[in-house]
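Heads up, the thing below is written out as structure tokens.
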Number of protein chains: 2
Amino acid sequence: MSKLLESSCLHCKKRSDIFEALSDEELDRVDMCRVNMRYHAGEIIFKQGSPCYDFVCVTSGLVKLYIESENDHRLIIGFAKPIDYIFVPGAYVDKRHHFSAVACEDTTACLVEADMIQNMVKTNPNFASSFIRKISAQSIALLEQISSITHKQIPGRMADTLIYLSTKVYNSNPFTTNLIRQDLADLSGMTKESAIRVLKTFKEDDLIRIDGNQIEIINQPMLETISRNG
Amino acid sequence: MSKLLESSCLHCKKRSDIFEALSDEELDRVDMCRVNMRYHAGEIIFKQGSPCYDFVCVTSGLVKLYIESENDHRLIIGFAKPIDYIFVPGAYVDKRHHFSAVACEDTTACLVEADMIQNMVKTNPNFASSFIRKISAQSIALLEQISSITHKQIPGRMADTLIYLSTKVYNSNPFTTNLIRQDLADLSGMTKESAIRVLKTFKEDDLIRIDGNQIEIINQPMLETISRNG
DNA sequence: TTTATGGGGTGATATAAATCAACTAAATGC
DNA sequence: GCATTTAGTTGATTTATATCACCCCATAAA
């Protein structure tokens, strides 16, 4: 279930950085190709394999991005939070989504026609540069995650996940999250049971504290050491 | 050891696709910021962590791209072959290389100043689009590799590697390669010993034939099934 | 010639992590 | 109020894969 909201890009306070490069007139054009959507926690925004028509700009809430494989395995490759827009690599290649996006809290987002964005890339050089900068950053994040998951074992991977959540997603410590254990596992490339077990050892070693939905990193230096040692 | 070659972008037969969008005048500008290099097999072209000044366009040979971690683990994330250029995500973010590049055969390549390319993105919209298309394709390839390595076990991963080499890198079957077993392992996220063992079972099951440097996929449908089943 | 060296290969063993199977506790629905 | 589902947790067991310790063989170096 979703409902339409009204406002304008020009005066939007939740505008993604990349739009800063646009003139008022260009923003109006974006406005014309834009739908504001509201998603409930758990709702799918787009699904891996489906055709992609729109770019998604998250204005509130939190969106989880993940790849899924035949055998029901999931790997969370990142999150999109307010004022992020979700880069969809398929838009320029095969017009398909290569990962899925799900609202993990109640979320609002603007869908902007992919053609419009691609057009803007052609007409506004600064927009093009911002766009490439964004893709580049996402590529780097992917490389880091590949590196973590393939080269480190469970404690190192979970340390990376916790540090990532605290410093890149929630930007706070302690942070309050409604990610469940399975999500932490899917971020770290392990099973739910393994995730629970490492978290337990981290708690016992006073590296972190978990209280309901709140996670606090108590000993970040030690977590970083664990991350480095793999 | 490397030596300088002479020629011009304008009449170059080894020009990467993305340059097609450029005018003669723009090609001349690229020419001015260009150095032609020759690398011997095994030589490093750039190393993860080092500052990046140039984009690399491979004109002959083969280049292996990999990420390395503290504990000497390597993961090959792809290859660049003639008429590819190597997209360096750090160029737009932190001016650092996030993976290393090594010539795995004798290789020639043109180094073009990153500033020049970034400038071209701003002045030529079609070039910008080509550029984004290329990055997007690389992102998709990374997603596929992440998916293979984290969701599949050894036979599935090696099947993916063999199919990848045959269809995407060498574009032939059988193909002749000078990749060693360790490289096949680094492509598949496993140890050399494990790589040798799966290859042995593949040979015994008549899925592939290996004769010196030549690898032939005999039963691709079966390999694809193994890949799907993980 | 012998001596390194690097790659391919194999078996035995160790181990990290998945799987399986229970059992709580909380939340939700009827 | 009871039944059902979902999340969290734990222990026992299995298994995939890494590690270790070798072997051989070719080539290059001394």
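Not measured: the values here are computed from a predicted model.
Nearest nucleotide to the B:K192 side chain, out of C:dA18, D:dT17, C:dG8: C:dG8. Counting only heavy atoms from C-beta on, A:S194 has its side chain closest to C:dA18 among C:dG9, C:dA18, D:dT9.
Minimum interatomic distance between A:I67 and A:H98 (heavy atoms only, all atoms of both residues): CG2-O, 3.3 Å.
Taking 4.0 Å as the cut-off between side-chain N and carboxylate O, A:D84 and A:K134 count as a salt-bridged pair. A salt bridge links A:E68 with A:K47: the closest approach of a Lys/Arg side-chain nitrogen to an acidic carboxylate oxygen falls below 4.0 angstrom.
For B:R15, the salt bridge (charged side-chain N to carboxylate O under 4.0 Å, His left out) test picks out B:E20, with sequence neighbours left out. Evaluation of the ring pair (Phe, Tyr, Trp, His ring centres under 6.0 Å) rule for B:F202 yields no partner, not counting sequence neighbours. For B:S148, the side chain to side chain contact (heavy atoms under 4.5 Å, CB included) partners at least two apart in sequence or on another chain are B:K152, B:R157, B:D160.
For the contact set between residues 63-77 of chain B and DNA chain C, defined by any heavy atom under 4.0 Å, there are no members. Taken residue by residue, residues 144-165 of chain A places no heavy atom nearer than 4.0 Å to DNA chain D.
In this structure, CG of A:D183 is placed 9 Å from P of D:dG8, rounded to the nearest angstrom. Atom C1' of nucleotide D:dG8 and atom CG of A:N213 are separated by 13 Å, given to the nearest angstrom. Note: CD1 (B:I196) to C1' (D:dC25) measures 14 Å, nearest angstrom. Atom-to-atom, CZ of A:R197 to C1' of C:dC20 comes out at 11 Å; the value is rounded to the nearest Å. Whole-Å rounding puts the A:L184 CG to C:dA17 P distance at 17 Å. Computed from coordinates, the A:M190 CE to C:dA17 C1' distance equals 10 Å when rounded to whole Å. One can place CD of A:E204 at 8 Å from P of D:dT10, the figure rounded to the nearest angstrom. When the P atom of C:dG7 is taken as reference, atom CD1 of B:I210 falls 16 Å away, rounded to whole Å.
If B:E193 and A:T191 are placed on DNA chain C by their nearest nucleotide, the residue sitting closer to the 5' end is B:E193.
Heavy-atom contacts from other residues, nucleotides or ligands closer than 6.0 Å to CG of A:D211 number 12 or fewer.
The overall bend of the helix from C:dT1-D:dA30 to C:dC30-D:dG1, read as the angle between its terminal helix axes built from five base pairs each, is 30° when rounded to 10 degrees.
A cation-pi contact links B:R74 to B:Y66, judged by a cut-off of 6.0 Å to the six-membered ring centre and 45° from its axis.
Between D:dA7 and A:R181, no contact under 4.0 Å exists linking OP1 or OP2 to a side-chain N or O. A sub-4.0 Å separation between OP1 or OP2 of C:dG9 and a side-chain N or O of B:K203 is present.
No hydrogens or angles considered: a donor-acceptor pair under 3.5 Å links the side chains of A:Y170 and A:T177. Side-chain atoms of B:S139 and B:S136 form no donor-acceptor pair, as typed in the model, at a separation below 3.5 Å. Side-chain atoms of A:S147 and B:S69 include no donor-acceptor pair closer than 3.5 Å.
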Test A:K64 against A:D183 for salt bridge (charged side-chain N to carboxylate O under 4.0 Å, His left out), laying out the working first.
-> CA-CA 9 Å; A:K64 162 171 96 177; A:D183 289 326; 2.9 Å; yes
